[in-house]
Protein chains: 2
Amino acid sequence: MAVSVREVAARAAVSVGTVSNVLNRPDKVSPATVERVHAAIRELGFVRNDAARQLRAGRSRSIGLVVLDVRNPFFTDVARGAEDRAAEDGMTILLGNSDENADREGSYLDLFEEQRVHGVLITPLTDDLPRLERLQGRGTPVVLVDREAADRRFSSVAVDDVVGGELAVRHLAEIGRRRIAFVGGPMAIRQVTDRLEGARRAVEATPGMTMEVVETESLTVLAGRAAGAAIRERAASDRPDAVFAANDLLAMGVLQALMMQGTVLVPDDIALIGYDDIDFAAAAVVPLSSIRQPAALIGYTAVDLLLKEAGEADGDEGEQERERERVIFQPELVVRGSTVPDAASHPSAP
Amino acid sequence: MAVSVREVAARAAVSVGTVSNVLNRPDKVSPATVERVHAAIRELGFVRNDAARQLRAGRSRSIGLVVLDVRNPFFTDVARGAEDRAAEDGMTILLGNSDENADREGSYLDLFEEQRVHGVLITPLTDDLPRLERLQGRGTPVVLVDREAADRRFSSVAVDDVVGGELAVRHLAEIGRRRIAFVGGPMAIRQVTDRLEGARRAVEATPGMTMEVVETESLTVLAGRAAGAAIRERAASDRPDAVFAANDLLAMGVLQALMMQGTVLVPDDIALIGYDDIDFAAAAVVPLSSIRQPAALIGYTAVDLLLKEAGEADGDEGEQERERERVIFQPELVVRGSTVPDAASHPSAP
DNA sequence: CTCCAATTGTGAATCGATTCAGCGTTGGTG
DNA sequence: CACCAACGCTGAATCGATTCACAATTGGAG
């Protein structure tokens, strides 16, 4: 059924080696032969078997990417950036989403390792880095995405979440809010705790400001709705005057819940700011203020680091403890109607 | 560097065949041996090489999925459904997005075929089905997703887009609108033309109703913004009193553009309805009325058909023109504030 | 004590593309 | 005219897991 190089070779009256050369190093073959082989390929409908190719090569031409949630536009943007960079080197991105679940994360890592991917980009769920260290030790480079490597064991591309959290809450302080609620969770996720940490710093730097933490089970619109509903149900006097949500999905959920039945006005009663600045944030019921991260650039850079690392590994071969690279981008405050009523509701053009 | 079955076999003092048996048919091996082999695997850090496995097996354990746009939540929902069903059979989804671009679509198909995927799920860009037919002819089953197969050459899972379009415009008619604008494009995409066709039917069934078509270059928020801006710029008397957008992304773009500077009020001046009912639709500036499609179910069902077909092919082996299956779901109207003011769960915008 | 059957385990062949040492030709140089 | 380099091509070896016909061992029945 399957057409192999052997059959193509027979048809074109050349050896299999020549067919392979036509496929991979056409300049090493005379034009006439190239044409003859191509004709045979066309006539037979030959399609290269990637498994055989990979087996021989020892590594696949793809890169694994494990994200926390594919439904979060932030991560699809990261994926797009990664894909773009990978394509430049003829590589492919394999996308896995852990759904904030350790088992799923683990099975994607297993899968990717069995596939002998060129490397793994991952937004790790927790601080269970030993797993990743072993993976890396076995020869699969790992780059942490949207998460700073604590030490030099991993390369990483991240945005400073502490600064981001600080930016958000400082903004809330500047518009006169003092009773802040931080909505986010689970606390096992580093991005959440870092943003919270930044928020704390801003709170401490602001006289008279207090903060409560409303923990959520995940970083989704649904979880945000639940948190928002809980806040709405309280007596008006007991409500915060500002909410900082750990990401835009949560923020949008909070927003929906707060505005339900017109109970709470945003930003009049409660100012709201999210994180990530996803496209939809600008289109929310009330356009969402947010902290922008260069998502596509993060993905692009991560693949870049990975390929650099993989390239070196090929050369060195000496599995030495090379210094890993860490890239950190700075987050940026984007002000819209959910914190400042008369702020332009349209997103800035790229 | 890489640990192979051979080394595991040596370490456990058994043959490679036995190691393979432990991995794939543990019941055929005595418990003591199984344990010994597992120990060797652990000690050596052995990881199966999937390429070798696939080469032998002839097919990979993954399914290719090509969608029009990963950034559209509708498609990520489809992907999630597909992933769930695939996981039930220990299979994986490879996600490719064509970005409404024929070249990208083509290169994903090439890639998937070289990978010898179990089958391909695709939301085809155009009506260029010969390409897919050849693919299928060479032994890779194809299931059309969110697109009804014109004839019986392909299995397909779709939602009736003509009915959907009709539902949308009939709703606009019922709330008293008569001057409709259909926003969507490119017209090469079947979903667009089908929804437009449905819209036409509703228009023709409604005395005094007229419709104009505002063609867009893609189905994105950005394209929607452009279309919306064009409408906003017109003299008030020249504007439509309702807009039906070919998907929610477009609709949200239109919404943003219309409301800019408070020029046009939605739904007072212009009622707006989208398509897909993505999660964000409910959270828009004005909650978006839309046509709901069972996205995850579509993905789930598509994989189901695919696996059924692939299974049969294994048995038959007789490449005969078997009858393909076609599944069609019915769309559903969801009314929110963008068409009916009091359906809104919040005060209307400034 | 034989004999047969069931149970375990063996190892060479296989999948298909790539690689590489090496062979035969050609054409240019001294 | 001899010599050599460059070129075009060959074909066997290779990657690593799986498979399968067959060998070795064990146990139970007769």
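These numbers come from the heavy atoms of this one structure, side chains and all, not from hydrogens, waters or symmetry mates. Naming: A, B, ... by sequence-line order, numbering from 1 per chain.
Among the heavy atoms of the strands lying under 4.0 Å from A:Ser20 is at least one base atom, whether or not backbone atoms are also near. B:Thr18 comes within 4.0 angstrom of a base, heavy atoms only. Nucleic acid contact for A:Val19: none, since no nucleic acid atom lies under 4.0 Å from a heavy atom of the residue. As judged by a 4.0 angstrom heavy-atom cut-off over every strand, B:Val5 is placed among the base-contacting residues.
For the pair A:Asn21 CG and D:dA12 P, the interatomic distance rounds to 16 Å; values are reported in whole Å. Distance, A:Asp27 CG to D:dA6 C1': 14 Å, rounded to whole Å. Here D:dG8 presents its C1' atom at 11 Å from CZ of A:Arg36, a figure rounded to the nearest Å.
Taking 4.0 Å as the cutoff to heavy atoms of chain A, we find the contact window on DNA chain C bounded by C:dG16 to C:dT19.
Judged by distance alone, with hydrogens and angles left aside, the side-chain atoms of B:Gln115 form no donor-acceptor pair with the main-chain N or O of A:Ala51 at under 3.5 Å.
The OG atom of A:Ser60 lies 10.0 Å from the CZ atom of A:Arg116; values are rounded to the nearest 0.5 Å.
Looking at residues two or more places apart in sequence or on another chain, you find a salt bridge (Lys or Arg N to Asp or Glu O under 4.0 Å) between B:Arg71 and A:Asp77, A:Asp279. Every side chain to side chain donor-acceptor pair (under 3.5 Å) that A:Arg80 has, sequence neighbours left out, goes to B:Asp99. Shown here are the side chain to side chain donor-acceptor pair (under 3.5 Å) partners of A:Arg59, two or more places apart in sequence or in another chain: there are none. Looking at residues two or more places apart in sequence or on another chain, you find no side chain to side chain donor-acceptor pair (under 3.5 Å) involving A:Arg6.
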(request) Evaluate the salt bridge (charged side-chain N to carboxylate O under 4.0 Å, His left out) criterion for residues A:Arg324 and A:Glu309: first the C-alpha distance (whole Å), next the side-chain angles of each, then the deciding distance (0.1 Å), finally the verdict. (result) CA-CA 8 Å; A:Arg324 317 288 179 180; A:Glu309 199 158 313; 3.0 Å; yes
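Looking at A:Thr140 and A:Glu113, their side chains never bring a donor and an acceptor atom within 3.5 Å of each other. Remark: the B:Asn49 side chain and the A:Glu114 side chain contain no N/O donor-acceptor pair separated by less than 3.5 Å.
For DNA chain D, the neighbouring residues in residues 44-61 of chain A, judged by any heavy atom under 4.0 Å, are A:Leu55, A:Arg56.
Look at A:Ser30 and you'll find a side-chain N or O under 4.0 angstrom from OP1 or OP2 of D:dC9.
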